[in-house]
Amino acid sequence: MSFNLFQTPKQQKALLALWIAFVTLAYCVHQAAFTSAGIALNAFTYSLLTLYLLFGILSIGVVLTVFQVRKRNFDSVGMSFLIATSVKMMICSLFLRPILKSISATAAIEKTNFFVMFIVFLAIETGVTILILNEKQ
């Protein structure tokens with residue numbers, strides 16, 4: 001698969017619209033799952049919407065960084081991904097601190113929710129980076 005398809009601004013906007021649609025669908029499914037399970041979301045430190053916005057914006061930042069580095073120096077794509085992901089992890093750790101200190105009844109669910117969301121978005125970013133790295137072969 002080649003990412004040369006997304007060179008024009010129109011194609012990049014289409015990719016961004018697809019990304020937003022995916023994140024929106026994931027949010028709706030996540031919200032419905034929590035509601036049907038009877039989990040009280042108002043006891044969470046951060047709302048699901050806040051977490052999806054945080055992870056979505058940070059993931060877009062990581063992917064855009066990788067795309068920009070690919071244009072300039074393909075050999076540095078892997079290192080730029082690691083650096084961008086490390087910065088993302090530092091930012092997420094700031095958001096995670098209040099959750100870790102929480103003693104509410106839903107604290108365990110909230111911690112699990114945060115880590116699962118982090119891993120899902122990281123897997124998507126990693127998949128995009130792998131596709132970019134395989135492009136050269």
Side-chain angles (χ1 to χ4, degrees):
M1 177 176 215
S2 176
F3 281 96
N4 292 332
L5 299 172
F6 304 109
Q7 293 302 315
T8 67
K10 186 176 181 180
Q11 292 166 332
Q12 291 171 352
K13 287 179 184 177
L15 178 65
L16 180 61
L18 181 65
W19 173 254
I20 291 171
F22 170 75
V23 171
T24 303
L25 177 65
Y27 167 75
C28 291
V29 169
H30 200 163
Q31 182 76 29
F34 274 9
T35 303
S36 67
I39 297 171
L41 295 174
N42 57 357
F44 281 14
T45 305
Y46 302 110
S47 69
L48 279 182
L49 181 60
T50 303
L51 290 177
Y52 270 94
L53 287 174
L54 170 72
F55 287 121
I57 290 168
L58 291 175
S59 290
I60 287 172
V62 169
V63 171
L64 288 177
T65 300
V66 170
F67 276 124
Q68 290 299 319
V69 170
R70 178 190 64 143
K71 285 182 191 175
R72 294 189 183 133
N73 185 4
F74 186 84
D75 295 332
S76 298
V77 168
M79 187 58 68
S80 68
F81 172 74
L82 291 174
I83 292 170
T85 301
S86 296
V87 170
K88 176 186 169 186
M89 287 176 66
M90 285 187 257
I91 293 169
C92 287
S93 69
L94 294 175
F95 281 87
L96 182 60
R97 291 191 119 171
I99 296 171
L100 291 175
K101 292 178 182 177
S102 176
I103 56 171
S104 70
T106 59
I109 296 170
E110 189 174 10
K111 291 172 190 173
T112 303
N113 179 55
F114 189 92
F115 286 116
V116 168
M117 285 180 65
F118 181 85
I119 290 168
V120 167
F121 279 91
L122 180 62
I124 294 168
E125 297 161 14
T126 304
V128 169
T129 304
I130 288 170
L131 290 173
I132 290 171
L133 290 172
N134 285 337
E135 184 178 288
K136 188 81 169 184
Q137 295 177 353

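Predicted, not measured: the structure shown is a model, and the values here were computed from it. Sequential numbering from 1 along the given sequence is applied to the chain's residues.
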Residues 115-128 vs salt bridge (charged side-chain N to carboxylate O under 4.0 Å, His left out), sequence neighbours excluded, gives Lys88-Glu125

Tell me every residue that passes side chain to side chain contact (heavy atoms under 4.5 Å, CB included) with Ala26, counting only those two or more places apart in sequence or in another chain.
Tyr52

Is it true that Leu48 and Ile57 fall in one hydrophobic cluster, defined by side-chain heavy atoms closer than 4.5 Å?
no

Looking at every heavy atom in both Thr106 and Ala40, which two are closest together, and how far apart are they?
CG2-O, 4.2 Å

Drop me the distance from Ile99's CD1 to Ser104's OG, to the nearest 0.5 angstrom.
10.0 Å

Under the side-chain hydrogen bond (donor to acceptor under 3.5 Å, both in side chains) test, residues paired with Thr126 that sit two or more places apart
none

Under 3.5 Å donor-acceptor pairs involving side-chain atoms of residues 111-123, not counting sequence neighbours:
| from | atom 1 | to | atom 2 | distance (Å) |
| --- | --- | --- | --- | --- |
| Thr112 | OG1 | Ala108 | O | 2.9 |
| Asn113 | OD1 | His30 | NE2 | 2.7 |

Roughly how far, to the nearest 0.5 Å, is OG of Ser36 from CD of Gln31?
10.5 Å

Just how far is it from atom OG1 of Thr24 to atom CG of Leu49, taken to the nearest 0.5 Å?
9.5 Å

Could I get the full list of ring-ring contact (aromatic ring centres under 6.0 Å, His included) partners for Tyr46, not counting sequence neighbours?
Phe95

Linking I/L/V/M/F/W/Y whenever their side-chain heavy atoms sit closer than 4.5 Å, directly or via other members, would Ile130 and Val62 fall into one cluster?
no

Begin from the C-alpha positions of Phe22 and Leu18 and carry the test side-chain contact (heavy atoms from CB on, under 4.5 Å) through to its verdict.
CA-CA 6 Å; Phe22 170 75; Leu18 181 65; 5.8 Å; no

Check for a donor-acceptor pair, side chain of Ser59 on one end and backbone N or O of Gly56 on the other, with a separation under 3.5 Å.
no

side-chain contact (heavy atoms from CB on, under 4.5 Å) between Phe81 and Leu133, intermediate numbers included:
CA-CA 11 Å; Phe81 172 74; Leu133 290 172; over 6 Å; no

Once rounded to the nearest 0.5 Å, what's the spacing between atom OG1 of Thr35 and atom CG of Leu41?
6.0 Å

When rounded to the nearest 0.5 angstrom, what is the spacing between CZ in Arg70 and OG1 in Thr129?
11.0 Å

Cluster partners of Val29, using ILVMFWY side-chain heavy atoms under 4.5 angstrom, listed by chain and number?
Leu25

Under 3.5 Å: donor-acceptor pair, side chain of Ser47, backbone of Thr50:
yes

Please walk me through it: do Cys92 and Phe55 pass side-chain contact (heavy atoms from CB on, under 4.5 Å)?
CA-CA 8 Å; Cys92 287; Phe55 287 121; 3.5 Å; yes

Could you report the tightest heavy-atom contact between Ala107 and Ser102, atom names first, then the distance?
CB-O, 3.7 Å

When you look at Leu58 and Ile91, which way does the side-chain contact (heavy atoms from CB on, under 4.5 Å) test go after all the steps?
CA-CA 9 Å; Leu58 291 175; Ile91 293 169; 3.9 Å; yes

